[in-house]
Amino acid sequence: MVSTLDEQRAHGGPGTHDVTNQAPPLTPYDASDDTALLEGLRREGAGWAEEDLRRLGRQAGSAQAQEWADLANRHEPELRTHDRYGNRVDEVEFHPSWHHLMRTAIGEGLAASPWADDRPGAHVVRSAGGLVWGHTEAGHGCPTSMTYAAVPALRRQPELAKLYEPLLTSREYDPVLREPTEKRGLLAGMGMTEKQGGSDVRTNTTAATPTAEPGVYTLRGHKWFTSAPMCDVFLVLAQAPGGLSCFLVPRVLPDGTRNTFRIQRLKDKLGNRSNASSEPEFDGTVAWLVGPEGQGVKTIIEMVNCTRLDCVMMSTALMRKSLVEAGHHARHRSAFGARLVDQPLMRNVLADLALESEAATTLTLRLAGAADRAIRGDEGEAAFRRIATAVGKYWVTKRGPAFTAEALECLGGNGYVEDSGMPRHYREAPLLSIWEGSGNVNALDVLRALSREPGTAEALFGELALARGADARLDAAVTRLGTGLSEASPTTARRLVEQMALTLQASLLVRHAPPAVADAFCATRLGGDWGHAFGTLPESAGLDAIVERALPGGAG
C-alpha cells in the first residue's frame with residue numbers, strides 16, 4: 001500500500017513541493033543603502049537631505065510600495081473617450097496604485113518643487129530622490145519629470161509662470177481634471193513630436209492661428225507621442241505665422257469648459273506600461289504663446305535638458321535596482337557546492353555590474369550638481385552641464401538594456417518569469433535611450449555644442465583636469481579624447497561621445513571612489529583589459545572589495 005505524503009514525511013521522505021534553495025523575498029529593504037549614492041549626495045552639497053532620503057529609501061523598498069509598482073503595471077491605464085451619454089471626455093483611468101505612487105513622488109518633492117526651494121542642492125536632492133524612489137517603477141516618473149522640466153520653459157512667458165508655477169511646484173497631488181487655478185497642484189506634459197518627423201520637430205505641421213486676443217492662438221493638428229495625457233497643462237510645438245513656436249495648452253479652459261484635446265488612442269508600448277502615452281488631436285484647441293514666435297525650439301530646449309538628466313537618473317535607478325535584485329539572489333542561492341555570490345565567475349559578473357552602476361550613479365549626481373549650480377547662475381557649470389548631460393544621456397541610457405539583461409541572467413530562469421519583476425525592468429530599459437532624443441540625436445547634439453559653443457569643450461576638459469596625474473590610463477584617455485575632438489565628424493560621433501562618457505566617469509571615480517573601484521574601471525573601460533560582456537574583469541581586479549561596497553548591507 002502506498003504511503004500518504006504525511007506518512008512519507010513522518011518517515012523522513014521529501015515532500016513534492018518543499019521549497020529549498022530559493023531566495024527569500026527581497027522586501028522590505030532600504031533602497032537608499034547605496035554608499036556611492038550617499039557619498040555623492042554629500043559631495044554635491046545636498047547632505048542636509050540625507051535623513052529624508054533614507055526615509056524615502058525605506059519606503060521605496062517596503063512591501064507596500066513594491067506592491068503598488070507591480071499592480072500599476074499589471075492593471076494598465078484605460079482610455080475613456082466618451083461618457084455614458086455620448087459626451088466627449090477624453091480621460092484616462094488608472095489603478096489606485098498609480099495614484100499612490102504619484103502622491104508619494106510629488107509629496108516627496110520629485111516633481112517641480114525644487115524650483116521653489118532656495119536651498120543650494122535642492123535639485124540634487126530631487127535627483128537623489130529619483131534614484132531611490134526609482135526602485136519602485138519607472139512609469140510614473142514620466143509626468144513628474146515633465147512637470148519639473150516645464151517650469152524653466154514656462155518662465156519665458158512671465159505672466160503665465162506667475163499664474164501656473166506656484167501650482168506646478170506644489171507638493172499636492174490633485175488628479176481630478178478641472179480648471180487649473182482651482183486645483184491644489186498641477187501636472188505638466190509636453191507634445192513635441194508628430195508622425196512624419198519624430199525628433200525632427202521642425203517638420204511639424206500642427207498649425208497655430210492667432211486670435212483677436214494677444215498671445216492666444218488656436219491649434220489644429222495631430223501629435224504622435226504625448227505622454228501623460230491626464231496632465232493639466234501641456235507645452236506643445238506648433239507652426240505659427242512666425243515659425244515653429246511653443247504654446248501652453250490647458251486641458252480645461254479658464255471658464256471651466258473642456259479644451260479640445262481628443263485622445264485618439266493610447267500607445268501599446270514595449271515597457272513603461274503603467275504610464276499612458278497618447279496621440280491627441282487638436283481642432284480649434286486654445287493655446288497661449290510661450291516665448292516669441294519662431295523660437296519654439298529655443299524656448300523648450302531647457303525643458304529638454306531637464307528631462308535628459310532625468311533619463312540618465314532613471315536609467316541609473318533601473319541599473320541599481322537590477323543589481324540589488326541580482327545580488328540578493330546570488331547571496332541566497334547555492335549551486336555546485338557554494339553560494340552563487342561566492343562563486344568566482346558570478347562574483348566577477350556582480351563586480352562588473354557594480355562598477356557600471358557606481359559610475360552611472362556618480363555621473364548622475366555630478367550632472368545634478370552642475371544643474372543646481374547652473375540654475376543659480378554659475379556659468380562654468382552651465383557650460384559643463386550643456387555638454388555633459390548630452391554625453392551622459394547617450395551613454396548611460398545605452399548601457400541600461402545590456403545591464404538589465406545581465407542582471408536578469410544572474411537569476412536564471414527565476415528572473416525570466418514576470419513574478420520576479422526582472423522582465424519589467426528589461427522592457428523598461430530601452431525607453432530611456434529613446435526618450436528625449438535617441439542615441440544619434442544626442443551624439444550629434446554633442447558635436448553641435450562643440451562647434452557652436454566653444455566653452456563647452458573647455459568646461460569638459462577643465463573637469464577632466466581635476467584628476468590629472470592620478471592614473472596614467474586616464475591621462476592617456478584624455479589625450480586621445482583631445483585628438484578625437486579635432487577629427488570629429490557625424491560618422492564617428494557615437495565613438496567620440498562614448499570616449500567622452502567613459503573618460504568623464506573614470507575621472508569622477510578616480511577622484512571620489514575607493515582605489516579598487518577606480519582601478520578596475522580604468523583598467524577595463526580605458527585600458528582595454530576587458531571582454532565584450534559583463535563579467536570579464538581581469539584576475540587582478542579587487543572583486544571582493546567592489547562587491548562588498550555595492551551590495552546593501554555588505555556582500556556576506
Side-chain angles (χ1 to χ4, degrees), residues 21-41 50 53-54 56-63 65-66 128 131-136 315-335 338-362 364-365 399-400 402-412 414-415 420-422 425 509 512-521 524 534-537 541-556:
N21 197 28
Q22 287 280 2
L26 172 62
T27 53
Y29 74 102
D30 183 356
S32 70
D33 188 3
D34 180 353
T35 304
L37 168 65
L38 296 175
E39 289 177 353
L41 181 78
E50 184 171 335
L53 189 69
R54 288 181 178 273
L56 182 61
R58 291 188 293 271
Q59 185 175 359
S62 68
Q66 294 297 311
L131 290 173
V132 167
W133 189 245
H135 281 236
T136 55
S315 190
T316 299
L318 193 59
M319 289 184 188
R320 177 64 187 175
K321 169 65 169 176
S322 301
L323 174 61
V324 169
E325 294 277 6
H328 176 75
H329 179 84
R331 279 171 157 172
H332 294 92
R333 180 82 161 179
S334 295
R339 293 186 308 162
L340 290 180
V341 74
D342 295 325
Q343 299 279 10
L345 194 52
M346 177 60 80
R347 208 162 181 80
N348 195 315
V349 171
L350 292 173
D352 213 353
L353 293 173
L355 288 179
E356 197 75 31
S357 176
E358 177 154 354
T361 299
T362 304
T364 297
L365 292 170
R399 300 299 288 155
F403 188 106
T404 52
E406 194 68 61
L408 184 156
E409 188 177 326
C410 290
L411 278 68
N414 287 320
S420 72
M422 298 299 280
H425 304 332
L509 294 180
H512 305 304
V517 173
D519 181 72
F521 191 91
T524 54
F534 287 107
T536 55
L537 298 179
L543 303 183
D544 290 349
I546 296 169
V547 174
E548 186 76 24
R549 173 178 170 83
L551 297 187

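A quick note: this is a predicted structure, and the numbers were derived from the prediction, not measured.
With a 4.5 Å cut-off on side-chain heavy atoms, D34 and V132 do not count as touching. Side-chain contact between C410 and V349 is present, with heavy atoms from C-beta onward closer than 4.5 Å. Using a 4.5 Å cut-off on side-chain heavy atoms (C-beta onward), M319 and R399 make contact. Residues N348 and T536 form no side-chain contact, since every pair of their non-hydrogen atoms from C-beta on lies 4.5 Å or further apart. Annotation: side chain of I546 is not in contact with side chain of L350 (no heavy-atom distance under 4.5 Å).
The backbone N or O of Q59 lies less than 3.5 Å from a partner atom in the side chain of S62, making a donor-acceptor pair. T136 contributes a side-chain N or O that, together with a main-chain N or O of W133, makes up a donor-acceptor pair within less than 3.5 Å. Between the side chain of E406 and the main chain of L353, no donor-acceptor pair closer than 3.5 Å is present. Not one N or O on the side chain of H425 forms a donor-acceptor pair closer than 3.5 Å with the backbone of A405. Remark: the backbone N or O of A23 is not paired with any side-chain donor or acceptor of R333 at under 3.5 angstrom.
Distance check: T35 OG1 to L551 CG gives 10.0 Å after rounding to the nearest 0.5 Å. One distance of note links OG1 of T27 with NE2 of H328; it measures 8.0 Å at 0.5 Å rounding. Distance check, rounded to the nearest 0.5 Å: CG of L365 to CG of L131 gives 5.5 Å. A distance of 12.5 Å separates NE2 in H329 from CG in L26, rounded to the nearest 0.5 Å. To the nearest 0.5 Å, the span separating CG on L355 from CG on L509 amounts to 8.0 Å. E325 contributes atom CD, which lies 10.5 Å from atom CG of L408 (distance to the nearest 0.5 angstrom).
What you find for L41 and A128 is that their closest heavy atoms are CD1-CB, 3.7 Å. Heavy atoms only, all atoms of each residue included: A545 and A516 are closest at CB-CB, 3.9 Å. Between A330 and M346, the closest heavy-atom pair is CB-CG, 4.4 Å. Contact between F521 and A359 at its shortest, heavy atoms only, is CE1-CB, 3.6 Å. Closest approach of T404 and S322 over heavy atoms only: CG2-OG, 3.5 Å. Nearest heavy-atom pair, V324 versus P552, reported as atom, atom and distance to 0.1 Å: CG2-CG, 4.0 Å.
Using a cutoff of 4.0 Å between basic side-chain nitrogens and carboxylate oxygens, R320 and E358 are not scored as salt-bridged. For R54 and D33, the salt-bridge test fails: no basic side-chain N is under 4.0 Å from an acidic carboxylate O.
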Inset, instruction - Quick one: do R58 and S32 satisfy side chain to side chain contact (heavy atoms under 4.5 Å, CB included)? Show the steps, please. - result: CA-CA 7 Å; R58 291 188 293 271; S32 70; 5.8 Å; no

Legend entry - Test side chain to side chain contact (heavy atoms under 4.5 Å, CB included) applied to Q22 and H332, step by step: CA-CA 7 Å; Q22 287 280 2; H332 294 92; over 6 Å; no

Inset, instruction - Apply the test side chain to side chain contact (heavy atoms under 4.5 Å, CB included) to residues D352 and R347: give CA-CA distance (whole Å), side-chain angles for both, the deciding distance (0.1 Å), then the verdict. - result: CA-CA 8 Å; D352 213 353; R347 208 162 181 80; over 6 Å; no

Inset, instruction - Applying side chain to side chain contact (heavy atoms under 4.5 Å, CB included), run through F403 and L323 and close with a yes or a no. - result: CA-CA 9 Å; F403 188 106; L323 174 61; 4.1 Å; yes

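Side-chain polar atoms of H135 and Y29 form a donor-acceptor pair below 3.5 angstrom. Side-chain polar atoms of T316 and T361 form no donor-acceptor pair below 3.5 angstrom.
The environment of E39 atom CD is dense: over 12 non-hydrogen atoms of other residues, nucleotides or ligands sit within 6.0 angstrom.
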